[in-house]
Amino acid sequence: MLTIASFFAGVGGIDLGFQQTGRCRTVYANEFDSYPAATFQENFPIKVDLRDINKVKSADVPITDIIVGGFPCQAFSIAGLRQGFQDEKGRGELFFQLARIVNANRPEAALFENVKNLVSHDDGRTFRIICEELQNMGYHIEYKVLNAMKYGNVAQNRERIYIVAFQNEAARQAFQWPEEIPLTNTVRDIIDFEGNVPDRYYYTEGRFAGDIYEQLKEAMEDDDIENPAIYQWRRKYVRKNQSGVIPTLTANQGGGGHNVCLIKTRHGIRKMTPRECFTAQGFDRDNFVLPEQSDTRLYKEAGNSVCVPVIRRIAEAMLQALDNTGYVALEDRPR
Ligand SMILES: C[S@@+](CC[C@H](N)C(=O)[O-])C[C@H]1O[C@@H](n2cnc3c(N)ncnc32)[C@H](O)[C@@H]1O
């Protein structure tokens with residue numbers, strides 16, 4: 001088994017993708033928000049280190065084969081303030097905290113995930129600094145933007161940048177990004193258009209101030225059963241999306257509820273449930289446990305996470321590259 005140390009672990013989407021290869025297990029996870037950490041702990045047999053990464057000494061982290069981290073992206077995304085490394089809350093700096101631990105503990109490989117915009121932020125300077133930092137540490141890197149609907153067979157339009165890093169240049173050369181695969185799953189595999197869900201997810205007359213319901217009813221006229229439209233309430237208007245996939249789930253969905261996708265089902269107009277949002281990220285609805293937490297928290301955790309099948313495919317490609325270069329997992333070495 002290859003061991004993993006996971007940073008900005010959230011609910012463990014990256015860990016799950018690696019675990020699904022059947023050859024990796026997370027032995028350390030750091031996440032300072034107790035709510036996603038609680039979700040993580042429901043699903044993985046380890047206790048999350050709840051400290052701020054700034055306070056974590058590299059010596060506190062076990063030496064592992066791989067380090068993973070989807071470092072916070074607010075500072076880089078269009079939805080955020082576009083401040084990058086100058087971000088006032090220090091979020092842009094968090095990459096360097098992760099780099100500090102990678103540099104000290106020297107995992108054989110690492111995977112970083114972020115919003116697509118990281119590449120173009122500040123005319124490419126931010127991304128160049130990140131790449132240079134890793135290269136100066138002696139890592140050989142590859143990066144690529146992958147869309148969940150093209151690489152994960154999940155009906156969500158989610159473009160993310162993935163950076164893989166290897167200590168061994170031969171492993172980087174052996175590494176091949178997953179190929180595109182056909183999208184055979186649909187929104188119907190994610191959303192239950194026939195069944196009922198608890199009342200709180202439905203929009204009904206007079207329920208919300210400003211009578212959104214009337215506007216929704218008017219805008220959500222579509223009755224295409226085969227290819228149901230997904231809608232979003234955009235403060236003043238309803239946006240219709242009929243591309244056959246769910247628009248990118250975001251971390252701020254749920255906060256005020258305005259970003260959660262809306263659908264017209266047999267039982268009325270409603271929001272996607274938190275469970276459906278997790279399914280849209282490729283979390284198995286029968287096996288991934290969601291703890292008792294507010295919907296707002298769960299929506300945020302789902303939006304903040306990753307598309308698990310994409311991670312699994314990248315993890316498989318990384319393992320293949322390590323195998324090709326004869327890498328032996330730390331725990332399989334003779335003592
Ligand atoms: C983009 S999310 C990553 C989610 C994760 N990949 C998953 O699958 O759920 C970033 C996470 O970093 C955490 N975080 C932000 N700043 C942190 C810090 N200073 N120390 C530790 N965790 C932090 C946030 O609470 C958030 O859960």
Side-chain angles (χ1 to χ4, degrees), residues 2 4-26 29 31 36-46 48 66-71 73 109-116 144-164 177-187 189-191 245-251 253 261 272-291 298-320:
L2 281 86
I4 295 191
S6 174
F7 291 87
F8 311 110
V11 301
I14 299 184
D15 306 82
L16 195 56
F18 275 82
Q19 183 178 286
Q20 286 177 358
T21 65
R23 296 182 52 197
C24 301
R25 86 169 188 282
T26 298
E31 164 59 59
T39 307
F40 187 105
Q41 288 178 172
E42 285 285 338
N43 293 281
F44 299 88
I46 59 170
V48 174
I66 300 173
I67 284 185
V68 299
F71 49 101
C73 58
L111 173 67
F112 309 96
E113 181 260 0
N114 213 286
V115 292
K116 177 190 166 190
K144 188 165 181 177
V145 172
L146 303 180
N147 193 326
M149 65 193 223
K150 293 188 178 154
Y151 292 87
N153 194 11
V154 167
Q156 185 195 164
N157 181 10
R158 186 182 192 84
E159 288 186 297
R160 286 292 183 265
I161 182 153
Y162 300 92
I163 308 170
V164 294
W177 289 103
E179 306 262 334
E180 270 192 46
I181 47 173
L183 179 61
T184 55
N185 289 315
T186 73
V187 292
D189 295 301
I190 295 168
I191 297 168
V245 295
I246 291 164
T248 316
L249 300 181
T250 61
Q253 59 172 2
C261 294
M272 278 174 74
T273 62
R275 171 59 79 184
E276 287 168 336
C277 291
F278 273 90
T279 309
Q281 293 276 45
F283 287 83
D284 184 344
R285 67 163 77 79
D286 297 323
N287 289 316
F288 195 79
V289 180
L290 298 185
L298 292 172
Y299 281 128
K300 180 177 172 191
E301 290 168 27
N304 244 340
S305 192
V306 292
C307 179
V308 177
V310 175
I311 299 289
R312 193 197 65 234
R313 296 191 69 213
I314 297 171
E316 280 164 356
M318 290 175 72
L319 295 180
Q320 185 69 60

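Scanning both residues, Ile46 and Phe40, for their nearest heavy atoms gives CG1-CE2, 3.7 Å. Closest heavy-atom contact between Val154 and Pro309: CG2-CG, 3.8 Å. In this structure, Leu249 and Arg158 approach most closely via the heavy-atom pair O-NH1, 2.8 Å. Between Val308 and Gly282, the shortest heavy-atom contact is CB-O, 4.0 Å. Across Val306 and Gly13, no two heavy atoms sit closer than the pair CG2-C, 3.4 Å. Contact detail for Met318 and Ala110: the closest heavy-atom pair is CE-O, 3.5 Å.
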**Asked** Going through the distances and angles, do Leu111 and Ile66 end up as a side chain to side chain contact (heavy atoms under 4.5 Å, CB included)?
**Response** CA-CA 8 Å; Leu111 173 67; Ile66 300 173; 5.6 Å; no
**Request:** Kindly determine whether Arg160 and Glu113 satisfy salt bridge (charged side-chain N to carboxylate O under 4.0 Å, His left out), including the steps that lead there.
**Result:** CA-CA 7 Å; Arg160 286 292 183 265; Glu113 181 260 0; 3.7 Å; yes
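Shown here are the salt bridge (charged side-chain N to carboxylate O under 4.0 Å, His left out) partners of Arg23, two or more places apart in sequence or in another chain: Asp323. The salt bridge (charged side-chain N to carboxylate O under 4.0 Å, His left out) check on Lys116 picks up Glu159, with sequence neighbours excluded. Legend: residues meeting side-chain contact (heavy atoms from CB on, under 4.5 Å) with Ala38, ordered by chain and number and at least two apart, are Gln293. With sequence neighbours excluded, the residues forming a side-chain hydrogen bond (donor to acceptor under 3.5 Å, both in side chains) with Asn153 are Thr184, listed by chain and number. The side-chain contact (heavy atoms from CB on, under 4.5 Å) check on Thr273 picks up Val197, Tyr201, Arg270, Arg275, Glu276, with sequence neighbours excluded. With sequence neighbours left out, Thr250 forms a side-chain hydrogen bond (donor to acceptor under 3.5 Å, both in side chains) with Asn252. Taking the ring-ring contact (aromatic ring centres under 6.0 Å, His included) definition, one finds that Phe7 meets it with Tyr28, sequence neighbours left out. For the salt bridge (charged side-chain N to carboxylate O under 4.0 Å, His left out) test, residues two or more places apart in sequence or in another chain that qualify with Arg312 are Glu316. Tyr162 pairs by the ring-ring contact (aromatic ring centres under 6.0 Å, His included) definition with nothing, not counting sequence neighbours. Taking the side-chain contact (heavy atoms from CB on, under 4.5 Å) definition, one finds that Gln320 meets it with Asn324, sequence neighbours left out. With sequence neighbours left out, the salt bridge (charged side-chain N to carboxylate O under 4.0 Å, His left out) criterion links Arg25 to Glu331. Glu301 pairs by the side-chain hydrogen bond (donor to acceptor under 3.5 Å, both in side chains) definition with Thr39, not counting sequence neighbours.
Here Cys261 contributes atom SG and Ile246 contributes atom CD1; the two are 6.0 Å apart, rounded to the nearest 0.5 Å. Put simply, OG on Ser305 and CZ on Phe283 are 3.5 Å apart, with the number rounded to the nearest 0.5 Å. Distance check: Asn157 CG to Thr248 OG1 gives 5.0 Å after rounding to the nearest 0.5 Å. Atom CD1 of Ile163 sits about 11.0 Å away from atom CD1 of Ile314, to the nearest 0.5 Å. The structure places OG of Ser6 at 6.5 Å from CD1 of Ile14, a figure rounded to the nearest 0.5 Å.
Under a 3.5 Å cut-off, the side chain of Asn43 and the backbone N or O of Val289 do form a donor-acceptor pair. Between the side chain of Gln156 and the main chain of Ala280, a donor-acceptor pair closer than 3.5 Å is present. Not one N or O on the side chain of Glu31 forms a donor-acceptor pair closer than 3.5 Å with the backbone of Val48. With Glu180 contributing its side chain and Lys150 its backbone, the two residues share no donor-acceptor pair below 3.5 Å.
Note: Phe112 and Phe71 have perpendicular aromatic rings, judged against thresholds of 30 and 60 degrees for the angle between ring planes.
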